[in-house]
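Worth saying up front: this structure is predicted, and the values here are computed from it rather than measured.
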Amino acid sequence: MRAMRYADVYGRTWAVVLSLLTAALLTCTVRPGEPVTLGPAATDTTVPAIGRTWPVGLRPPVLRGWEPPATAYGRGHRGVDLSAPPGTPVRAVAAGRISFAGKVAGRGVVSVELTGTGDPPLRTTYEPVRTSVEKGEEVAAGEVIGTVEPTGSHCTATCVHWGLRRGESYLDPLSLMPGWLLHRGPSRLLPVIGVPLPG
């Protein structure tokens with residue numbers, strides 16, 4: 001049974017890879033030495049781990065991870081859902097400039113173009129958020145950009161959908177996070193026993 005599951009996943013993975021390569025070859029002319037772009041669902045290996053804080057909380061539970069679509073309009077999950085109760089402060093994970101702050105389909109959305117991340121720059125999005133910033137504002141890593149709205153979430157419990165894009169390509173927002181933020185819990189002070197006070 002396990003072998004069948006592996007074979008099924010392996011087969012689907014190769015089917016996705018082959019369909020992306022076929023689409024790339026059919027839609028572009030490739031010259032020797034020129035890079036090939038696979039389109040909106042391509043993985044960008046140039047994402048720097050510049051995150052300095054989680055969008056919400058210290059280490060929020062990830063309710064649903066990033067599931068890249070096989071095609072531009074295919075099924076998938078173009079971001080991650082982080083558990084957060086209504087009213088939780090939403091923070092910019094890295095320094096940047098607010099490129100959008102407003103409503104999209106009735107949901108509050110904030111987008112931040114991240115500083116020094118190339119051309120086109122990386123852009124993070126957060127929703128549903130009651131915004132506290134305006135388009136064009138510069139924000140620092142960890143700066144509050146809004147609060148979690150009580151409605152508008154697509155999760156069964158309240159959550160923040162956190163996305164990452166470069167141009168039209170969707171990327172895994174967790175790739176912005178350095179290992180120490182992804183895997184380490186909050187710092188804890190231990191009691192000092194048997195150590196003389198400085199004096």
Practice item. To the nearest 0.5 angstrom, please state how far the NE2 atom of His161 sits from the CZ atom of Arg107. Key: 9.0 Å
Practice item. Find out if a path of hydrophobic residues (ILVMFWY) with successive side-chain heavy-atom gaps under 4.5 Å connects Val133 to Leu122. Key: yes
Check your understanding: Should Val139 and Leu164 be counted in the same cluster of Ile, Leu, Val, Met, Phe, Trp and Tyr side chains packed under 4.5 Å apart?
Key -> yes
Practice item. Supply the atom-to-atom distance Cys159 SG to Glu127 CD, rounded to the nearest 0.5 angstrom. Key: 9.0 Å
**Study point:** For Thr117 against Pro48, the heavy-atom pair lying closest together
**Key:** CG2-CG, 4.3 Å
**Study point:** Val148 backbone acceptor or donor facing Thr88 side chain under 3.5 Å
**Key:** no
Practice item. For Thr147 and Val129, run side chain to side chain contact (heavy atoms under 4.5 Å, CB included): C-alpha distance rounded to whole Å, both residues' side-chain angles, the deciding distance at 0.1 Å, then the answer. Key: CA-CA 5 Å; Thr147 56; Val129 175; 6.0 Å; no
Practice item. Taking all non-hydrogen atoms of both residues into account, name the closest pair between Ile50 and Ala94 and its distance. Key: O-CB, 3.8 Å
Exercise for review: For residues Val47 and Leu176, determine if any side-chain heavy atom of one lies less than 4.5 Å from a side-chain heavy atom of the other.
Suggested key: yes
Exercise for review: Please examine the side chains of Pro178 and Arg52, heavy atoms only from C-beta on, and report whether any two atoms are closer than 4.5 Å.
Suggested key: yes
Check your understanding: Can you find a pair of side-chain heavy atoms, one from Val144 and one from Val90, that are under 4.5 Å apart?
Key -> no
Point to revise | Cationic N near anionic O, under 4.0 Å, Glu113 to Arg123 | key: no
Point to revise | pair Val112-Tyr126: side-chain heavy atoms closer than 4.5 Å | key: yes
Point to revise | Pairwise side-chain contact, Pro85 with Thr158, heavy-atom cut-off 4.5 Å (strictly under) | key: no
Exercise for review: Answer whether the closest heavy-atom distance between the side chains of Leu114 and Pro121 falls below 4.5 Å.
Suggested key: no
Point to revise | hydrophobic_cluster_shared for Val104 and Val160, side chain cutoff 4.5 Å | key: no
Check your understanding: Between Glu149 and Lys103, does at least one N-O distance fall below 4.0 Å, as a salt bridge requires?
Key -> yes
Revision key, fill the gap. For Gly146 and Ser132, the nearest pair of non-hydrogen atoms, with its separation, is N-OG, 3.2 Å
Exercise for review: Report yes if some heavy atom in the side chain of Trp54 is under 4.5 Å from a heavy atom in the side chain of Leu181; otherwise report no.
Suggested key: yes
Check your understanding: Looking at CZ of Arg91 and CD of Glu143, how far apart are the two atoms once the value is rounded to the nearest 0.5 Å?
Key -> 9.5 Å
Point to revise | Value rounded to 0.5 Å, distance of CZ in Arg166 from CG in Leu171 | key: 7.0 Å
Point to revise | Test side chain to side chain contact (heavy atoms under 4.5 Å, CB included) applied to Thr125 and Val110, step by step | key: CA-CA 6 Å; Thr125 58; Val110 179; over 6 Å; no
Exercise for review: Just do the side chain to side chain contact (heavy atoms under 4.5 Å, CB included) check on Ile145 and Ile98 with the steps written out, would you?
Suggested key: CA-CA 9 Å; Ile145 56 177; Ile98 303 298; 4.3 Å; yes
Practice item. Could you state whether Leu174 and Leu63 fall into the same hydrophobic cluster, counting links through intermediate Ile, Leu, Val, Met, Phe, Trp or Tyr residues with side-chain heavy atoms under 4.5 angstrom apart? Key: no
Review point. Taking all non-hydrogen atoms of both residues, which atom of Val56 and which atom of Ser83 are closest, and how far apart?
Key: CG2-O, 4.0 Å
Review point. Any side-chain heavy atom of Ser111 sitting closer than 4.5 Å to one from Thr124?
Key: no
